[in-house]
Each structure stands twice: as structure tokens, then as C-alpha cells.
Protein chains: 2
Amino acid sequence: MRTRDEEKIDALKEEAITMIAKEGLNGFSIQKLAKAVGVSPATIYVYYQDKEDLIVSVGAEVTRDMLEHSLKNFTPEMSFGEGLKTQWKNRAQYFIDNPIKVEFVEQLRYSQLYNDVMKKVGGDFKVKMSQFVCGAIEKKEIIKLPFEVYWSVAFAPLYQLIRFHTQGKSYVNDKYELSTRQMTQTLELVLKALKP
Amino acid sequence: MRTRDEEKIDALKEEAITMIAKEGLNGFSIQKLAKAVGVSPATIYVYYQDKEDLIVSVGAEVTRDMLEHSLKNFTPEMSFGEGLKTQWKNRAQYFIDNPIKVEFVEQLRYSQLYNDVMKKVGGDFKVKMSQFVCGAIEKKEIIKLPFEVYWSVAFAPLYQLIRFHTQGKSYVNDKYELSTRQMTQTLELVLKALKP
DNA sequence: AATATAAATGAATGTTCATTTAGTTATCAA
DNA sequence: TTGATAACTAAATGAACATTCATTTATATT
């Protein structure tokens, strides 16, 4: 039996991520992907059921990787300040190391496939985060909040900063560079917002 | 000379907004749009140069409408708290009244066409916002911040709440309803973050 | 009523799309 | 060395796509 060329599968995934990050789900097609990797379009159907399956599978894989990194050195039992700071820094660092992967996931986040992606991700991420937030509320480290309110205040600013950077336009200058300084500033403000 | 059927142009815009809001830029095509409105595809090219021109033009129009509403009862000279509260409430109200238009603009925000849209929007919105933020810094109402940091903390949480709502999934329950209560809570946290 | 003219169209163009099929190739177990 | 088998492919399919073109239609002006 002929063996799978794992390198080609990796190249396929990598190229799909890049194409979607740079041109959106719009600019992505199986034929373009096959051509870019040097593979027959039919080969892609050996690995994935159809186009949607490919996007959702790769999306879930990258999301899982991102979430894993965001939980590095994190436990739900941490103090709220330390826990949030840890997660923030992990996410910021992941963006610095993998800007294309982050942009890829952002493209998915605003697509109709995102629910499918999250369903496929699985894992105990949600559970851990809920434990963390509920624990912090019990320990009176933060005010009682619906999870969505907490999440919106805690993490949306980071991803907006990333978006500004990706779009490369500042309201003030023409170029916008995302600095560690700005991330730190923003984190400080977020912490201030959530402390009782 | 035959006269333009303004009603059909409006129907065309409305349908384009709805299609893109519900199915993304992916699920949007000139032929589907024409069919949905009951018009020949060729007619669309009387009004718009091409597909991209249609999306960018309608996008700019809706964005302009949204920004105008967000500036209702607002002047850059207002106190920071009042000014931010006013804008927040305007934006929240606009979402309650026009959820589809907001989702349409969100789809554009994460697309490659967004820079073109913003270029076409024009207006003095950016100037007014800059005045407002700089004024607040001078009056020592808020700490000195890069515009992007300010913006990320001030408004990203609102749009994240909206996104949770649009995606209709909560991390805790299955259904997520965005309540005025949650918006008010979030606004309070944002104000707390930005006060010196 | 006749004319000019821009709006509107039906049908077609050539392209790109996702996916399938029939056949080829590489590798393992015998 | 020989089959068995799964990986892989070239080529094709039909559908959907953006856009164009030759015509027709409606209206404002004359």
C-alpha cells in the first residue's frame, strides 16, 4: 500500500491558512489551493470530505493550538489578576509568533462556519474559563458578571488592537504598528475595569 | 428618456445588505441578488460599475448612516463621560433598530474591502473623534493614550457583545440574548477603565 | 404624435468553481 | 516477485459565476 505524503498534507494546511488569512474565505478555492501546493485537486478529497470539511477541520486544529497556548502556565485556581494577565500575554505572544494563524481564525470567527469550528474544537477550554471566572466571583476578586460581559471587556480590546494592526491603518497616521507597550497599556486598563 | 426606478434601487441595496449579513460575502452573487429582487443581472450594471463597486458603495452608505447616528447629541466638547456614554448608547440603539445593517458592516470590517469602504465614507467623523479624545486628555479626564488603545477599550467590548448575540451561542447556555442590562454593565466597566 | 435617450432586459460569453471518475503509481505483506 | 491496496492524478462534468451585448421599453421633450 502506498503511504501518505505527510509533508504534502502539512503544506496543504499551511497554504490554506495563508490563503484564507490574506484573501478571506472569498478568495479561497480548492483549485487555487491545489495549484499552489502542486497537487491534483482530487488529492485534496482524499483527506477531506469537501471544501467545508477542509476549512472547518483546519480551523479547529489552529483554534485548538491557539487555545492550548493561551492556557500555558494557567490554572483556573490562579488569582484573577494573575490568571487574566497570563492569558493575555499568552494570546499576545501567540499573535506575535503566528500573525497569519491569528488572522485566519479571525476570518473564520466572522463567518457562518464558526459554530461548526467551535463544535469540532471540543476540549475543556470553556470549562476551565468558566471555573476561572466563577471562582474569581466567589473570591470577590471581580464583580458578578454574565460570562459574555466578562469576556467582552477582558479580551475584545486585544483583538481590536490586532485588527487595527492587521488592517495597517491608524486613524492618526497612515501606518499602525502594534507595540508591546500598547498591549501592556490595554491590559492594565482591562484589569482596572474588572477589579471591584 | 425613461426614468430610473428608485424603488428597485432601494430594493437592490436592501437585499444586498441582507444577503451579505446572513450569508457573508461568500454567499453573495450578482445573479442571486438580481433574482431575489426580480431584476435582470444586467440592470445592476446600470447602477454599479462592477460587483466590488456595489459592495463598497452600499457599504460606505450604511457606514455613513451608522456613524451619523453614533454622533447624535454628541459634540467633541462634551465631558468625556457624557460623550462616551452618548456614543455608546447611540451605537447600542442603532444595533437594536438595525441589527442586519450592523451585521452587514461587521462582515465588511473583516474583509479586504474595508479600507476602500472607509475611504469612500469620508466625513469629519475621525476628526471629531480625535478632537474628543485629545480634549479629554488635555482636560485630564482620561490618561494619555494612543488612539487605537482608547478605541479598543472603549468600543470593542460593545461589538463583541453584539457578535455573541449574532452568533446566538452562549458559553454557558445555548441561547444568548443581548440585554440592555448587559450593555449598561459593560459601559460602566469601560468608563471605569478609562477614568484616571 | 414623433423623436431622442437612458433605463432595462434576455440571452449569451468565457471563466472559475466544487466535485467525480476511471485509471495510474507507490508501497507493504506474502 | 507478485499481488493487494490505498494514495494519487489527469481530465472531465455540470453548475454558478461576473460581465457584455444587441434589443426593447418607458418617458420627457419637442
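Each chain gets a letter, A, B and so on, in the order the sequences are listed, and its residues count up from 1. Remember, it's a predicted structure, so these values are computed and weren't measured experimentally.
B:Tyr159 carries B:Arg109 over the face of its six-membered ring, with the cationic atom under 6.0 Å from the centre and within 45° of the normal.
The aromatic rings of B:Tyr110 and A:Tyr110 sit parallel, their planes meeting at an angle under 30°, below the 60° perpendicular limit.
Between chain B and DNA chain D, the heavy-atom contact criterion of under 4.0 Å yields a 5' to 3' nucleotide range of D:dC17 to D:dA28.
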One pair to check against ring-ring contact (aromatic ring centres under 6.0 Å, His included): A:Phe132 and A:Phe80. What are the steps and the verdict? CA-CA 8 Å; A:Phe132 175 61; A:Phe80 180 76; 5.5 Å; yes
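The separation between A:Asn26 atom CG and C:dC17 atom P is 11 Å, rounded to whole Å. With rounding to whole Å, B:Tyr45 atom OH is found 13 Å from C:dT13 atom C1'. Atom CD1 in B:Ile44 sits about 21 Å away from atom P in C:dA6, given to the nearest Å. Atom OH of B:Tyr48 and atom P of C:dA7 are 14 Å apart (whole Å).
Listed for the A:Arg91 side chain is no donor-acceptor partner under 3.5 Å among the backbone atoms of A:Leu67.
If you check distances only, the side chain of B:Arg2 never reaches the base of C:dT5 with a donor-acceptor pair under 3.5 Å.
Between B:Arg4 and C:dA7 there is a side-chain N or O to OP1 or OP2 distance below 4.0 Å.
Base contact: A:Thr43 has a heavy atom under 4.0 Å from a base atom.
Contact of the A:Val190 side chain with the A:Pro157 side chain is registered, since non-hydrogen atoms from C-beta on lie closer than 4.5 Å.
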